[in-house]
Undergrad: 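Mind having a look at this structure? Questions to follow.
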Amino acid sequence: MSFPPYGPPLSPLALSPQTSDLFHLDFRYATIDADAGTITTPSGHVGTFARATTLASVSDAAGTTYTALDGQMAWEQRDWDNDGVRESFGWRTGSSDRLAFPCNLRPMALAGLIEFIETGAVIGTAGATLLALRAADGSGSGFYIDTSGTASGYYRFNYTSGGTTRTATLGTRPVSGDRVQLYWQLASDGAVTFYQSINGGVATSQTSAALAFPATWVASASLRLNSRGTSANPLAGAWYRRVRLVAGALNATTIMERR
Amino acid sequence: MWINGRDLDDDGWTLTGLAGWMAGASVQRGVTALQNIGGVVPNSQYTVDQRTMPVTFERSLTSITDRDAALYTLQDRLRGLLWVRFDDAPARVVRCIATPLVVEPMAEVTVFSVAAIRVRCTLIAYDGASYDTEPQVRALATTPVEIPLGTLPSGGIVTWGGAWTATTARTLILRDAGGVARTTMTVTAPSGESLASTDFLEIDLLRRYVTKVTSAGVRTNEYDWYTSGDWITLDPAYQDRAATRYATLEISAGTAQITYRKAYAL
């Protein structure tokens, strides 16, 4: 008799898109389950979407606009490489779209990236949130990217251990229609370096003071796009392309590579 | 060559051999006997052979420890389902898995060296197709809207809204580039059922699901709304790529969009 009799077991995940990222949401490759109403990322996270109203003027590949109905994700095609062609597939949001992915991420040194086209978050309400790792009520230890001002804010990265928050606030801001890459390094000492590149330009950055990691992130935390919680907190409004979180130090070149 | 978004050059590996990348998958079709004619014609049922792509990688080394680390890294990159892109077609991806790595053996007369290593494996694409990296979204209307496809049929999801009263039939029509209606799919709200103006249907063309989504996000299987006609298949046979004329979709009423991805045999 041979041992083991059936050979080493294979993970069923071998049949699903894989990534070694902590979190990887690329709307081009997300699995949209029309039956279940879920969206599954290449990293395996399953998200749910909510919007309790319609969203008008969403553009298709030909530039024709349509109105997304309540609860319908607004897939919109935009020009990302600045050649005048709407080639890039992404998720357009308004002021009431929420997309949340429950996850059990552990506090650790990590790097992240979010790509989007500015549609008005930085000229909207202070605190408008692009991305967050927070509890349902928007609180608790975690991190979030929001805006600093009411009418002319800057994007800022906030990392909180629960009782103390460190913030890195950028000194420049995009205008509506700009292609924005925000990426960051949350170092092992809890210091955050937050970068912004607008329309492919040279990145600028800000760094926060250090702050020791908590033992865990807040219980029942979800990675949330366009919001900080399920009901509270201002929503951003943007055209999102993708989000990545990877363990370890930031490598700006590799984190921007696409699948 | 990128594997799951990672350029292998970033790990020091260089792709030195690739075969089968531009070899179309073999398709076997079922047949249907024709009435009054002595013979058969291909029908819509088909199977596709898997496509294999042998690849070779090379990497310079500095030590045996470096070699081990490089092999571990490469094996990690080749784990699970892969989305592979090549430099000459960066807008396309192939979904495949990799066979175990084989390190090219040293010749007997060769003095052992750790200066470089060459490994081989085979990428296996089970559906034989390559896909656009970017999906397409098109707003549909009561007039024909062109749906450009690749060289293979595509699936897609039709989202169809607008107030829809009970027993009312609506149609989704696929026309070829010449305007001939090739498929008309009729969807009817059964007696006692309807859509509010903020509800919508999602029709998964590939998996053949019909799902009703209410404004509260409640989803129910409504396959029985599909009442007559053939199921819509987005088939490039109905387009004329050289003339940039494509098959079209139209709806008889309401508002709708389709999200799909172009697929290619090569």
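Per chain, numbering begins at 1; letters A, B, ... match sequence-line order.
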Undergrad: With a 4.5 Å heavy-atom cut-off, do B:F200 and A:Q72 have their side chains touching?
TA: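 Yes; the side chains approach each other to less than 4.5 Å.
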Undergrad: Is B:V137 close to A:E76 at the side-chain level, that is, under 4.5 Å between some pair of heavy atoms?
TA: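 Side-chain contact under 4.5 Å: no.
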Undergrad: Can you tell me which portion of B:D199 sits under 4.5 Å from chain A's heavy atoms? Options are side chain, backbone, both or neither.
TA: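 Backbone only.
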Undergrad: Determine yes or no for a side-chain-to-main-chain donor-acceptor pair under 3.5 angstrom, with B:Q257 supplying the side chain and A:Y66 the backbone.
TA: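 Looks like no, no N/O pair under 3.5 Å.
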Undergrad: Look at atom CZ of B:R241 and say whether more than 12 heavy atoms of other residues, nucleotides or ligands are closer to it than 6.0 Å.
TA: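 Counting other residues, nucleotides and ligands, CZ of B:R241 exceeds 12 neighbours.
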Undergrad: With a 4.5 angstrom heavy-atom cut-off, which part of B:T220 approaches chain A: side chain, backbone, both or neither?
TA: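 No part of B:T220 comes within 4.5 Å of chain A.
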Undergrad: Counting only heavy atoms from other residues, nucleotides and ligands, does the tally under 6.0 Å from OH of B:Y72 exceed 12?
TA: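 No - once you tally the heavy atoms of other residues, nucleotides and ligands closer than 6.0 Å, there are 12 at most.
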Undergrad: If I take atom CH2 from residue B:W160 and atom CG from residue A:L69, how far apart are they, to the nearest 0.5 angstrom?
TA: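 Interatomic distance, B:W160 CH2 to A:L69 CG, rounded to 0.5 Å: 13.5 Å.
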Undergrad: Using non-hydrogen atoms only, which part of B:S215 is less than 4.5 Å away from chain A: side chain, backbone, both, or neither?
TA: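 Both backbone and side chain.
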Undergrad: Using side-chain heavy atoms (C-beta onward) and a distance below 4.5 Å, is B:R261 in contact with A:Y29?
TA: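 Of all side-chain heavy-atom pairs linking A:Y29 with B:R261, at least one is under 4.5 Å.
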Undergrad: Tell me, for B:D10 versus chain A, whether the close heavy atoms (under 4.5 Å) come from the side chain, the backbone, both or neither.
TA: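 Interface part for B:D10: side chain.
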Undergrad: Say you draw a straight line from CE of A:M73 to OG1 of B:T259; how long is it, rounded to the nearest 0.5 Å?
TA: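 That separation rounds to 10.5 Å.
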Undergrad: Given a strict heavy-atom distance threshold of 4.5 Å, which part of B:R95 is in contact with chain A: side chain, backbone, both, or neither?
TA: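 Answer is neither: B:R95 stays 4.5 Å or more from chain A.
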Undergrad: Would you mind telling me which of A:S59, A:A61, A:G71 has the largest number of heavy-atom pairs within less than 4.5 Å of chain B?
TA: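 Highest number of pairs under 4.5 Å: A:A61.
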Undergrad: To the nearest 0.5 Å, tell me how far A:D70 CG sits from B:T214 OG1.
TA: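 One finds 9.0 Å between CG of A:D70 and OG1 of B:T214.
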Undergrad: Nearest 0.5 Å please: distance from the CD atom of B:E134 over to the CZ atom of A:R28.
TA: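 Taking CD in B:E134 and CZ in A:R28, the distance rounds to 4.5 Å.
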Undergrad: With a 6.0 Å cut-off (strictly less than), is the heavy-atom count around CG of A:D83, excluding the residue itself, greater than 12?
TA: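 Yes.
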Undergrad: Could you tell me which portion of B:T159 (side chain, backbone, both or neither) has an atom closer than 4.5 angstrom to a non-hydrogen atom of chain A?
TA: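 Contact with chain A involves the side chain of B:T159 alone.
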Undergrad: Hey, is CZ on B:R77 packed in by over 12 heavy atoms from elsewhere, all under 6.0 Å?
TA: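 Count over threshold, so yes.
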Undergrad: When rounded to the nearest 0.5 angstrom, what distance separates CH2 in A:W75 from CD1 in B:I258?
TA: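 With rounding to 0.5 Å, CH2 (A:W75) is 15.0 Å from CD1 (B:I258).
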Undergrad: Can you tell me how far OG1 of A:T38 sits from CZ of B:R219, rounded to the nearest 0.5 angstrom?
TA: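 It is 8.0 Å, given to the nearest 0.5 Å.
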